[in-house]
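Structure record follows, encoded as structure tokens.
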Amino acid sequence: MGGGRMVQQRISGIGHWWQQRLTAVALVVLIGWLFIALSTVAGGVSSPLHEVAKNWVMRPFNGLCLALMLVMAFWHGYLGLGTIIDDYVHGDALNRVCHRLAWLWCVTFAGLSVVSIGFLYGGG
Amino acid sequence: MATPRPLSPHMQIYRPQMTSLMSISHRVTGLSLLVFAPVVSLFLFLLAFMPSGAGDVVGWVVVLGSNAWGAVVLFIVSLVAIWSLFFHLFNGLRYMLWSMGWGFGLTQAMISGWFVLIATSTASVIAMRSLLVAYGGW
């Protein structure tokens, strides 16, 4: 792991490896939960989908797990995207720009998810 | 600048193998998920701050699905999203086992690779089926 170029990525090799694995384990559990939880709603949907979805997210445990899942997903995605960028984007300046964009993309949508779920928590 | 990272193998002159194909697919499905996950975020944003907008979006999807070609597009997009999720999930589990030192042999990697492909296909078919059943129920 040593000797990587680490232009923008200031996470050390070991730290990166562990973050990748820990977020992966968390995602296996959370996605497993998501499928079980969704399969209980899937049958007999009568009211409009967006209302069903809203009521589902507003239940505290669902909202908490969904927020956690999306944060873990974008964190995991940022780490993976960083690895792909370092493998294929070789110019120093362009590499740095790509890392910035990857960070912006993941933080924006993770933040959007948390803020939205938090707002729904407060009663919409 | 520190030592540059080694260049990935040139795909054109490299014979496709289970290990390399699964590896590149893991990256491609990971990228695909980074495109699909924001759809969930944006829908949550609408649910929270513009509930009527969320209703509109659901309505547009229903309209799109009522058109024959629109239904094909919806089917393919859903399949890509679902396939990406299951492939990345199952192949990720395979890599976790590798990280723990299990299944690193060539034969084991072959078997686990096929196992991932079969599990992904099975799970995708089940998920697509329940999606279609739920869609028909609306």
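As a basis for the values below, the full set of heavy atoms in this structure was taken, side chains included, without hydrogen atoms, waters or symmetry mates. Below, chain A is the first sequence line, B the second, and so on; all start at residue 1. Source: prediction; values computed, not measured.
Within the 4.5 angstrom heavy-atom criterion, no atom of His26(B) approaches chain A. Ala73(A) does not touch chain B: none of its heavy atoms, backbone or side chain, sits under 4.5 Å away. For Leu70(A), the part lying under 4.5 angstrom from a heavy atom of chain B is the side chain only. Residue contact with chain A, scored on non-hydrogen atoms closer than 4.5 Å, is absent for Phe90(B). Neither the backbone nor the side chain of Val57(B) comes within contact range of chain A; no heavy atom of the residue lies under 4.5 Å from a heavy atom of that chain. When heavy atoms are compared at a cutoff of 4.5 Å, Val28(A) approaches chain B by way of both its backbone and its side chain. Residue Leu89(B) touches chain A through its side chain alone, counting heavy-atom pairs closer than 4.5 Å.
Note on Val39(B) and Val28(B): separate hydrophobic clusters, where clusters join Ile, Leu, Val, Met, Phe, Trp and Tyr whose side-chain heavy atoms are under 4.5 Å apart, directly or indirectly. Note: the hydrophobic cluster containing Ile118(B) does not contain Ile82(B) (ILVMFWY, side chain heavy atoms under 4.5 Å, direct or indirect links). Val58(B) and Val61(B) are assigned to two separate hydrophobic clusters, defined by single-linkage of ILVMFWY side chains at heavy-atom distances under 4.5 Å. When the side chains of ILVMFWY residues are joined at heavy-atom separations under 4.5 Å, either directly or via intervening members, Val107(A) and Tyr78(A) end up in a single hydrophobic cluster. Taking hydrophobic clusters as Ile, Leu, Val, Met, Phe, Trp and Tyr residues chained together by side-chain heavy-atom distances below 4.5 Å, Trp114(B) does not share a cluster with Val125(B).
A perpendicular orientation is assigned to the rings of His88(B) and His76(A), their planes being inclined by more than 60° (bins at 30° and 60°).
The CG atom of Leu31(B) lies 4.0 Å from the CD1 atom of Ile84(A); values are rounded to the nearest 0.5 Å. The CG atom of Leu38(A) sits 10.5 Å away from atom CG of Leu131(B), with the distance rounded to the nearest 0.5 Å.
Contact check for Leu44(B) versus Leu66(A): side-chain heavy atoms found under the 4.5 Å cut-off. Under the 4.5 Å side-chain criterion, counting only non-hydrogen atoms from C-beta, His50(A) is not in contact with Leu46(B). Residues Leu85(B) and Phe35(A) form a side-chain contact, since some pair of their non-hydrogen atoms from C-beta on lies under 4.5 Å apart. For the pair Trp56(A)/Leu47(B), no side-chain contact is recorded, criterion being any heavy-atom separation below 4.5 Å from C-beta on.
Within 6.0 Å of CH2 on Trp83(B) lie more than 12 heavy atoms contributed by other residues, nucleotides or ligands. Heavy-atom contacts from other residues, nucleotides or ligands closer than 6.0 Å to CZ of Phe115(B) number 12 or fewer.
Contact residues of residues 67-81 of chain B toward chain A are absent (heavy-atom distance under 4.5 Å). Residues of residues 91-104 of chain B placed with any heavy atom under 4.5 Å of a heavy atom in chain A are listed by number as Leu93(B), Met96(B), Ser99(B).
Of all non-hydrogen atoms in Phe45(B) and Leu112(A), the two that sit nearest each other are CD1-CD1, 3.6 Å. Considering every non-hydrogen atom in both Leu34(B) and Cys106(A), the closest pair reads CD2-SG, 3.9 Å. Between Phe74(A) and Pro38(B), the closest heavy-atom pair is CZ-N, 3.8 Å.
Partners of Ser116(A) by side chain to side chain donor-acceptor pair (under 3.5 Å), not counting sequence neighbours: none found.
In this structure, Val114(A) shares a hydrophobic cluster with Val71(A), the cluster being traced through Ile, Leu, Val, Met, Phe, Trp and Tyr side chains under 4.5 angstrom apart.
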